[in-house]
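In this chain, residues are counted from 1 in sequence order.
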Amino acid sequence: MSYSLSPSDDNKYITLKVVGNLSRQAALQYNLEAHALGAKLGINRYLLDFTECRNTDTVMRNYTFVYTDMQNPGIDKQAQIAMLVSLGDHSHDFIEALFRNAGMDAALFHDREVAVRRLVRD
C-alpha cells in the first residue's frame, strides 16, 4: 500500500491518493496527515482519491473508524470531503453513509471533475 498528499495547484483542496487495500489504522494515519497539512495551509477541503484502493475493513471496524478514530482532535469535523472511487467499487459506500450520519460533509464520486467542482464551490 502507498499514499501521497499534495495541495491542488490553486491551493483550494488537499489530495490524498491511496493505492492498495485500506485498513482503519492506515486510513486514520493518512487522514491525520492530510488534516495537519490542511491546517498548516489553511485548507479544509479534501479529495480522497481511492480509484486504486479498496476498503478492506469489516462493518464494525468502519463504524469504529468514523465514530471513534475520526473524533481525534487532529481531524477537522467541518471539512468538506469528496471521495473519488472507481466505477463498480462499493467498498467505500458504507463509510460515506457513516460520515453523513455522523454529521460530516462527505460524498462519493466516480468523476474527478465533478468531485473537484464540489470542493471548489463556495
Heavy-atom pair with the smallest gap, counting every atom of [X] and [Y]:
X: Arg118; Y: Ala106; result: NH2-N, 4.4 Å
X: His110; Y: Val85; result: ND1-O, 3.3 Å
X: Asp57; Y: Ser23; result: OD2-C, 3.3 Å

For a 4.5 angstrom cut-off between non-hydrogen side-chain atoms, does [X] reach [Y]?
X: Gln25; Y: Phe65; value: no
X: Asp49; Y: Val18; value: no
X: Met70; Y: Lys77; value: no
X: Leu28; Y: Arg24; value: no

Between atom [atom1] of [X] and atom [atom2] of [Y], what is the distance when rounded to the nearest 0.5 Å?
X: Gln29; Y: Asp69; atom1: CD; atom2: CG; value: 12.5 Å
X: Glu96; Y: Phe109; atom1: CD; atom2: CZ; value: 8.5 Å
X: Leu48; Y: Leu22; atom1: CG; atom2: CG; value: 9.5 Å
X: Leu119; Y: Ile43; atom1: CG; atom2: CD1; value: 11.0 Å
X: Met83; Y: Tyr46; atom1: CE; atom2: OH; value: 14.5 Å
X: Asn21; Y: Asn55; atom1: CG; atom2: CG; value: 9.0 Å

Is a side-chain N or O of Asn62 found less than 3.5 angstrom from the main chain of Thr58, in a donor-acceptor match?
-> yes
Within the distance-only criterion (no hydrogens, no angle test), does the side chain of His92 pair as donor or acceptor with the backbone N or O of Cys53 below 3.5 angstrom?
-> yes
Crowding at OH, Tyr63 (>12 non-hydrogen neighbours, <6.0 Å) | no
May I ask you to check whether over 12 heavy atoms, not counting those of Gln71, lie within 6.0 Å of atom CD?
->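 Count over threshold, so yes.
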Can Arg54 and Asp89 be said to form a side-chain contact (heavy atoms from CB on, under 4.5 Å), step by step?
-> CA-CA 7 Å; Arg54 293 194 52 84; Asp89 178 2; 2.9 Å; yes
Would you sort out whether Tyr13 and Gln80 count as a side-chain hydrogen bond (donor to acceptor under 3.5 Å, both in side chains), showing the intermediate values?
-> CA-CA 9 Å; Tyr13 60 92; Gln80 292 181 9; over 6 Å; no
Answer with yes or no whether the hydrophobic clustering places Val114 together with Leu108; edges join I, L, V, M, F, W, Y residues whose side-chain heavy atoms lie under 4.5 Å apart.
->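 Different clusters: Val114 never reaches Leu108 through Ile, Leu, Val, Met, Phe, Trp or Tyr contacts under 4.5 Å.
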Could you state whether Val120 and Leu84 fall into the same hydrophobic cluster, counting links through intermediate Ile, Leu, Val, Met, Phe, Trp or Tyr residues with side-chain heavy atoms under 4.5 angstrom apart?
-> yes
Qualifying residue, where the test is side-chain contact (heavy atoms from CB on, under 4.5 Å) with Leu98 and the options are Thr64, Val59, Val66 |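 Per the side-chain contact (heavy atoms from CB on, under 4.5 Å) rule, the option paired with Leu98 is Val66, out of Thr64, Val59, Val66.
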Reference residue Ser6; test side-chain contact (heavy atoms from CB on, under 4.5 Å); the match among Leu47, Thr15, Leu16 |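 Only one of Leu47, Thr15, Leu16 forms a side-chain contact (heavy atoms from CB on, under 4.5 Å) with Ser6, namely Thr15.
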Evaluate side-chain contact (heavy atoms from CB on, under 4.5 Å) for Ile81 paired with Arg45, printing each intermediate quantity in order.
-> CA-CA 6 Å; Ile81 302 165; Arg45 298 170 187 206; over 6 Å; no
What's the verdict on side-chain hydrogen bond (donor to acceptor under 3.5 Å, both in side chains) for Ser2 and Lys17, showing C-alpha distance, side-chain angles and the deciding distance?
-> CA-CA 8 Å; Ser2 65; Lys17 167 84 173 164; over 6 Å; no
Thinking salt bridges, do Asp105 and Arg100 make one under a 4.0 Å N-O criterion?
-> no
Go through the steps to decide whether Phe50 and Val19 satisfy the test side-chain contact (heavy atoms from CB on, under 4.5 Å), and finish with yes or no.
-> CA-CA 7 Å; Phe50 294 153; Val19 176; over 6 Å; no
Any chance you could lay out the side-chain contact (heavy atoms from CB on, under 4.5 Å) test for Tyr30 and Met1, step after step, and finish with the verdict?
-> CA-CA 12 Å; Tyr30 302 159; Met1 175 173 34; 3.4 Å; yes
